[in-house]
Amino acid sequence: MATELDAGWAIDWLRRCAAVIAGHRTELIELDRAIGDGDHGENLDRGFRAVTAKLDTDVPDTPGAAFKLAAMTLMSKVGGAAGPLYGTAFLRAATAAGDAPALDAPALAAALAAGRDGVVARGKAETGDKTMIDAWTPAVEAAAAAADRGATPAELLGEAATAAEAGAVATDPMVARKGRASYLGERSAGHRDPGAASSALILRAAAEAAAAVEPGGSPAGGPSA
Ligand code: ADP
Ligand code: MG
């Protein structure tokens, strides 16, 4: 098991995000149609397609550079609430990662926490408001616990993704207090928050990219493959 994740992992993660969001595009549209305006799947699909297009010409050499590329592209291509929120998350994660060539478990936990803090700074949501924060915060807590325990990066991201998935499911009965869904009041209960669902998909993609890393190297298709 690799003890650090490099730019190859980060690039693989972003490509996996594009694939998984494309695969769940309709589901995310339907979740957003129930309690929002139905654009979440389309917005994110457009954004991550643009990220992969950018990666075809521009190969980041650190995880931080890959996160920054994602941030800039998502901010410019994704409309609605989610573009600036995900853009801020990736930008804060990029700042936390700095120019390190690879991230160990504590650095990954710190980057995830920085990303979550960026979403909170931008959107002012708290846990229980039925937003993507309800997926991110349990993920950040699971990541911190995994890092404290000495888990590998792949274990850490796997546990973060599992926590995010549970967090997304936990939004089902919540009444939205932030974002467009809050206009529905009590009628927002009984539906999963689309941003929490997409956050869980994105974090699972990070874990799968980490699980695909060979000991001491990048995944197939990464820069050092
Ligand atoms: P819009 O609501 O503008 O159509 P999207 O449909 O792309 O944007 O994204 C909706 C998602 O954004 C919600 O499901 C929720 O998870 C997230 N969201 C909205 N407002 C906030 C906020 N203030 N803080 C955190 N997340 C938010
Ligand atoms: Mg929407």
Side-chain angles (χ1 to χ4, degrees), residues 14 17-18 20-52 67 70-93 111-143 160-161 163-206:
L14 295 173
C17 285
V20 77
I21 294 294
H24 289 77
R25 181 177 177 276
T26 307
E27 179 189 323
L28 294 171
I29 287 172
E30 279 164 9
L31 290 177
D32 195 32
R33 194 171 285 147
I35 59 168
D37 57 358
D39 63 352
H40 190 62
E42 200 176 309
N43 283 342
L44 278 189
D45 186 34
R46 184 181 340 105
F48 278 105
R49 274 176 204 277
V51 169
T52 52
F67 300 163
M72 296 309 176
T73 310
L74 293 173
M75 281 191 197
S76 69
K77 299 284 180 198
V78 183
L85 291 169
Y86 276 124
T88 303
F90 276 106
L91 198 57
R92 295 285 188 98
L112 283 178
R116 186 274 314 268
D117 292 349
V119 176
V120 170
R122 183 114 198 182
K124 311 275 183 275
E126 295 172 9
T127 49
D129 285 350
K130 195 179 182 100
T131 70
M132 60 172 73
I133 286 303
D134 291 305
W136 274 88
T137 289
V140 164
E141 287 169 358
E165 286 159 2
V169 170
T171 66
D172 291 7
M174 291 177 186
V175 172
R177 288 193 293 253
K178 280 284 184 295
R180 207 178 282 279
S182 66
Y183 308 157
L184 289 181
E186 298 287 331
R187 281 183 293 136
S188 63
H191 303 278
R192 188 155 309 165
D193 177 64
S198 62
S199 295
L201 294 172
I202 286 168
L203 289 169
R204 179 57 68 193

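When a ligand or atom number is given, it counts from 1 through the structure's own listing order.
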**Student:** So which of the N, O or S atoms of Asp37 lies nearest the Mg ion (ligand 2)?
**Tutor:**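 Relative to the Mg ion (ligand 2), the closest nitrogen, oxygen or sulfur of Asp37 carries the name OD1.
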**Student:** What's the verdict on side-chain contact (heavy atoms from CB on, under 4.5 Å) for Asn43 and Leu28, showing C-alpha distance, side-chain angles and the deciding distance?
**Tutor:** CA-CA 10 Å; Asn43 283 342; Leu28 294 171; over 6 Å; no
**Student:** Do the rings of Phe48 and Phe90 sit parallel, tilted or perpendicular, given the 30° and 60° boundaries?
**Tutor:**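 Perpendicular.
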**Student:** Is there a nitrogen or oxygen of Gly80 sitting under 3.5 Å from a nitrogen or oxygen of ligand 1?
**Tutor:**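 No, no N or O pair falls under 3.5 Å.
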**Student:** Are Asp39 and Ile29 close enough that some pair of their side-chain heavy atoms sits under 4.5 Å apart?
**Tutor:**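 SC-SC contact between Asp39 and Ile29 ruled out.
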**Student:** Would you mind running through ligand 1 and noting each atom that sits below 4.0 Å from a heavy atom of Gly179?
**Tutor:**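 What qualifies from ligand 1 is 19 (C), 20 (N).
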**Student:** Need the ligand 1 atom indices (1-based, order shown) with element for anything under 4.0 Å from a heavy-atom of Asp193.
**Tutor:**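 The list of qualifying atoms is 13 (C), 14 (O), 15 (C), 16 (O).
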**Student:** Below 4.0 angstrom from a heavy atom of Ala82, which ligand 1 atoms are there? Numbered from 1 as shown, please.
**Tutor:**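 Result: 7 (O), 8 (O), 9 (O).
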**Student:** To which of Gly41, Ala81, Gly83, Gly123 does the heavy atom nearest atom 23 (N) of ligand 1 belong?
**Tutor:**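 It is Gly123 whose heavy atom sits nearest to atom 23 (N) of ligand 1.
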**Student:** Which atom, among the N/O/S set of Asp39, is closest to the Mg ion (ligand 2)?
**Tutor:**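 In Asp39, the N, O or S atom with the shortest distance to the Mg ion (ligand 2) is OD1.
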**Student:** Mark yes or no for whether Asp32, through its side chain, and Pro194, through its backbone, hold a donor-acceptor pair below 3.5 Å.
**Tutor:**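 No; judged by distance alone, with no hydrogens or angles, the pair does not exist.
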**Student:** To check you understand the geometry: which heavy-atom pair defines the closest contact between Arg192 and Ile35, and what is its length?
**Tutor:**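 Residues Arg192 and Ile35, closest heavy atoms: O-CD1, 4.1 Å.
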**Student:** Using heavy atoms and a 4.0 Å limit, tell me yes or no: is Gly36 in contact with ligand 1?
**Tutor:**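 The answer is no, since Gly36 has no heavy atom less than 4.0 Å from ligand 1.
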**Student:** Which of the atoms of ligand 1 are close to Asp39, meaning less than 4.0 Å from one of its heavy atoms?
**Tutor:**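 Counting atoms of ligand 1 from 1, those under 4.0 Å from Asp39 are 4 (O), 5 (P), 6 (O).
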**Student:** Can you list the atoms of ligand 1 that are under 4.0 Å from a heavy atom of Asn43?
**Tutor:**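 Selected atoms, number and element: 7 (O).
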**Student:** Determine whether the side chain, the backbone, both or neither of Val78 has a heavy atom under 4.0 Å from any heavy atom of ligand 1.
**Tutor:**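 Neither part.
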**Student:** So is His40 polar-close to ligand 1, meaning N/O to N/O under 3.5 Å?
**Tutor:**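 Min N/O separation from ligand 1 is below 3.5 Å for His40.
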**Student:** Report the C-alpha separation of Tyr183 and Ser188 in whole Å, then their side-chain angles, then the decisive distance to 0.1 Å, and conclude whether the side-chain contact (heavy atoms from CB on, under 4.5 Å) test is met.
**Tutor:** CA-CA 8 Å; Tyr183 308 157; Ser188 63; over 6 Å; no
**Student:** Do any nitrogen or oxygen atoms of Met132 lie less than 3.5 angstrom from nitrogen or oxygen atoms of ligand 1?
**Tutor:**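 Between Met132 and ligand 1, an N or O pair is found under 3.5 Å apart.
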**Student:** Which ligand 1 atoms does Asp37 reach within 4.0 Å, using its non-hydrogen atoms?
**Tutor:**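 Within the 4.0 Å cut-off of Asp37, ligand 1 contributes 4 (O).
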**Student:** Could you tell me whether Arg180 and ligand 1 have an N or O pair separated by under 3.5 Å?
**Tutor:**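 The answer is yes, given that Arg180 and ligand 1 share an N or O pair closer than 3.5 Å.
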**Student:** With respect to the Mg ion (ligand 2), what is the nearest N, O or S atom of Asp32?
**Tutor:**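 Considering only N, O and S atoms, Asp32 comes nearest to the Mg ion (ligand 2) through OD2.
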**Student:** Using heavy atoms and a threshold below 4.0 Å, how should the contact between Leu85 and ligand 1 be classified: side chain, backbone, both, or neither?
**Tutor:**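 Contact part for Leu85 vs ligand 1: side chain (C-beta onward).
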**Student:** Is it true that Asp193 and Lys130 make a salt bridge, defined as a side-chain N closer than 4.0 Å to a carboxylate O?
**Tutor:**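 No, this pair does not count.
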**Student:** With a heavy-atom distance limit of 4.0 Å, tell me whether Thr131 approaches ligand 1 through its side chain, its backbone, both, or neither.
**Tutor:**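 Within the 4.0 Å criterion, Thr131 contacts ligand 1 through backbone and side-chain atoms alike.
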**Student:** What heavy-atom pair brings Tyr86 and Ser199 nearest, and what distance separates the two atoms?
**Tutor:**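 Smallest heavy-atom distance, with atoms named: OH-OG, 2.8 Å.
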**Student:** Please give me the minimum heavy-atom distance between Ile202 and Ile21, naming the atom from each residue.
**Tutor:**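 Heavy atoms only, the tightest pair is CG1-CD1, 4.3 Å.
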**Student:** Does this structure show an ion pair linking Asp37 with Arg180, if we count only N-O contacts that are shorter than 4.0 Å?
**Tutor:**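 Salt bridge between Asp37 and Arg180, a charged N being under 4.0 Å from a carboxylate O: yes.
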**Student:** For Val20 and Ala205, work out which heavy atoms get closest and say how close.
**Tutor:**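 The pair with the smallest heavy-atom distance is CG1-CB, 4.5 Å.
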**Student:** If you count the atoms of ligand 1 from 1 in the order shown, which ones are under 4.0 Å from a heavy atom of Gly195?
**Tutor:**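 So the atoms of ligand 1 that pass are 13 (C), 14 (O), 16 (O).
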**Student:** Which of the atoms in ligand 1, numbered in the order shown and given with their element, are less than 4.0 Å from a heavy-atom of Ala125?
**Tutor:**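 In order of numbering, the contacting atoms are 24 (N), 25 (C).
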**Student:** For Ala163 and Ala142, which heavy atoms make the closest approach, and how far apart are they?
**Tutor:**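 In terms of heavy atoms, the two residues are closest at CB-CB, 3.8 Å.
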